[in-house]
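The figures that follow rest on heavy atoms only: side chains count, while hydrogens, waters and symmetry mates do not. Since we're looking at a predicted model, the values are computed, not measured.
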Amino acid sequence: MATAHRTGQDVQQYAASSPNADQAQINRLEAPAHKFLGDCSRILVFTADGQTLFARSCQVLALVTTCYSSLCAGPRCRAQAAQSISQGSSTLQASPAEMQRIQSLFGAREDALKTGIVLQNKRYEVHRHHPEGPDPLVYGRTMVGDPEFSEGAAVHMLASPQAGRSIISVVTYEMPNISARIVSQLVQFAHTALSSL
């Protein structure tokens with residue numbers, strides 16, 4: 001996928017408010033989210049008490065990135081991208097029950113394997129469960145249909161000593177993106193953008 005440098009105005013074209021998050025915080029997380037997690041289809045960041053800090057459905061990012069690349073930089077293409085963005089919301093919302101279930105993944109391994117990662121009523125089978133250590137992680141993939149078109153999900157928990165709370169990040173990603181690459185980018189994002197929250 002081609003990447004392009006965008007101005008603040010370009011980012012505002014597709015940025016949508018995350019529920020319960022202040023705009024300054026959203027703006028501060030937007031650039032690192034794009035830098036580290038630009039290939040993800042969804043990003044959700046929330047606190048252990050259920051406060052959403054950042055949420056995006058990022059298929060829109062791929063469209064904008066492609067349209068602003070040197071391969072297709074015409075005004076007509078940018079106008080089509082802006083229209084697609086305005087027609088489809090780029091905000092991802094998770095219910096308090098989903099956030100609670102996601103947090104529970106860091107408990108017993110057997111329970112995580114049984115319940116899987118569920119985000120927006122889509123289930124991802126857990127195939128890696130690492131709930132301890134400096135970077136607790138749980139990740140997996142959908143197991144329906146052709147493996148070439150499966151979707152992955154990864155969950156990372158970062159303890160924020162400054163705020164005295166944990167911050168949970170969830171991403172989903174589609175082929176050709178694989179867990180080995182996306183999980184390391186998720187950890188980098190958490191340590192770069194979330195450690196000071």
Could you walk me through whether Y124 and T172 pass side chain to side chain donor-acceptor pair (under 3.5 Å), step by step? CA-CA 9 Å; Y124 302 83; T172 61; 4.6 Å; no
I'd like to know if V118 and L137 are part of one continuous hydrophobic network [Ile/Leu/Val/Met/Phe/Trp/Tyr, side-chain heavy atoms within less than 4.5 Å]. no
Got V138 and P131 here, is their nearest side-chain heavy-atom distance under 4.5 Å? no
Counting only heavy atoms from other residues, nucleotides and ligands, does the tally under 6.0 Å from CE of M143 exceed 12? no
Spell out, yes or no, whether L29 and V187 are grouped together once hydrophobic residues are joined by side-chain heavy atoms under 4.5 Å, including indirect joins. yes
For S95, the side chain to side chain contact (heavy atoms under 4.5 Å, CB included) test, sequence neighbours excluded, returns A97, E98
Heavy-atom check, side chain of L37 versus side chain of Y173, under 4.5 Å: no
By side chain to side chain contact (heavy atoms under 4.5 Å, CB included) - contacts of A31 (at least two apart): none
As a quick check of understanding, evaluate side chain to side chain contact (heavy atoms under 4.5 Å, CB included) for E174 and D39, giving each step before the final call. CA-CA 8 Å; E174 298 162 2; D39 289 334; over 6 Å; no
Say whether I26 and I167 are linked into one hydrophobic cluster, either directly or through other cluster members, by side-chain heavy-atom distances under 4.5 angstrom. yes
Are more than 12 heavy atoms, taken from residues, nucleotides or ligands other than E125, located less than 6.0 Å from that residue's CD atom? yes
I want to check something: taking the side chain as every heavy atom from C-beta on, are V126 and I117 in contact at a cut-off of under 4.5 Å? yes
Are K122 and E151 close enough that some pair of their side-chain heavy atoms sits under 4.5 Å apart? yes
Flag the pair E30 / F54 as yes when at least one side-chain heavy-atom distance between them is below 4.5 Å, and no otherwise. yes
Under the side chain to side chain contact (heavy atoms under 4.5 Å, CB included) test, which residues partner M157, sequence neighbours left out? F106, P136, S166, I168
So S104 and D111, do their side chains get closer than 4.5 Å, heavy atoms only? no
Is the shortest heavy-atom distance from the side chain of K35 to the side chain of Q185 under 4.5 Å? no
Please check if any side-chain donor atom of S150 sits under 3.5 Å from a side-chain acceptor atom of R141, or the reverse. yes
Just wondering, do R109 and K114 contact through their side chains at under 4.5 Å, heavy atoms? no
What class does the angle between the rings of Y139 and H130 fall in, given that below 30° is parallel, 30 to 60° is tilted and above 60° is perpendicular? tilted
